[in-house]
Amino acid sequence: MVDTPPFQKIMKPLIIANWKMHPQNSKDAFDLAGAVKRGIEDLEVDVVLCPPFPYISQLLPSSNMFVGAQDCFWEQEGAYTGEVSAQMLKNLGCSYVIVGHSEREKYLKETLEMGVKKLKAALQVGLIPILCIGENVEQELQEVLKKVGQKDISKIVYVYEPESAISTSENVKPVDPKAAEAAKQKIRDTIGQDVTILYGGSVNSKDVGDFLAVGFQGVLVGAASLDKGEFLALVKNAIEA
Ligand code: PGA
């Protein structure tokens, strides 16, 4: 098992693939992960694959490919039908977990409060939380900062991901990198520390460089992470940005 990687002061880009509820079978998941692992070997990049839960145990991490989950529960054990704990994910070799994604709010009525509880559960076992922040940057962050200890603030990967920019939103509104840069600055100012901040929302191989050029340290990628050619082109363009 690969140790949890360092996440502070990332000099190489951090590219997180959120596969959402894809692909439909484990062979396709295995093949996609294998192609990514081979494609990024020796490249100056860290890639995190976040597959659906059933595929986690078959994706073996490498020196620059890590495995993350798309969700976890806030308790570590107990009578919580259908839930998966951060500790279980850690035991399976996960290093990261996504929390606060807008699709969980949209389809499952998950609240920010629940997201913060999940974030704390992840930190408790040494998983790196990938915290998605929407349009209300300051309000959302203030809630998080109130509940997370000072020493843990820099252990979180922050993603600015406005819901309307996600490729599957009804009226997708791509965000101009300059506007995203302003949100990134707001995140940094609100936190008051140099933390890792990524951009998410319809990022593809053609525009990834624009987001890195305005100072994001990486991206959270949904749709474009499911096609190995497109995803590897995105990774390459991120490195060259
Ligand atoms: P998208 O998804 O790249 O398909 O917009 C990103 C996400 O929701 O994490």
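Predicted model, so just to flag it, every value in this text is computed and none were measured. Remember, it's 1-based here, ligands and their atoms both numbered in the order they're listed.
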Problem set entry | Lys37 atom NZ: more than 12 heavy-atom contacts under 6.0 Å | yes

For this session: Answer yes or no: is there an ion pair linking Glu110 with Lys118, defined by an N-O contact shorter than 4.0 Å?
Result: yes

For this session: Could you tell me if any non-hydrogen atom of Ala224 lies under 4.0 Å from any atom of ligand 1?
Result: no

Exercise. With backbone taken as N, CA, C and O and side chain as the heavy atoms from C-beta onward, which portion of Asn18 lies under 4.0 Å from ligand 1: side chain, backbone, both, or neither?
Worked result: side chain

Exercise. If we only count N/O pairs under 3.5 Å, is Thr168 in contact with ligand 1?
Worked result: no

Problem set entry | N or O pair under 3.5 Å between Leu220 and ligand 1 | no

For this session: Please write down residue, atom name and distance for the protein heavy atom closest to atom 3 (O) of ligand 1.
Result: Gly222 N, 2.8 Å

Problem set entry | Lys109 with Glu105: basic N within carboxylate O range, under 4.0 Å | no

For this session: Note the single closest protein heavy atom to atom 4 (O) of ligand 1, along with its residue, its atom name and the distance in Å.
Result: Ser167 OG, 2.5 Å

Seminar exercise, completed: Heavy-atom proximity to atom 2 (O) of ligand 1, picking from Glu161, Gln70, Lys20, points to Lys20

Exercise. Side-chain donor-acceptor pair under 3.5 Å between Gln24 and Asp28, yes or no?
Worked result: no

Exercise. Is any side-chain N of the basic residue among Glu103 and Lys106 closer than 4.0 Å to the acidic one's carboxylate O?
Worked result: no

Problem set entry | SB check Asp152 Lys155 (cutoff 4.0 Å) | yes

Exercise. Which option, Glu103, His101, Glu163, owns the non-hydrogen atom nearest atom 8 (O) of ligand 1?
Worked result: His101

Exercise. Does Gly201 have a non-hydrogen atom less than 4.0 Å from ligand 1?
Worked result: yes

Exercise. Ring pair (Phe, Tyr, Trp, His ring centres under 6.0 Å): which pairs involve residues 145-202, sequence neighbours left out?
Worked result: Tyr199-Phe211, Tyr199-Phe216

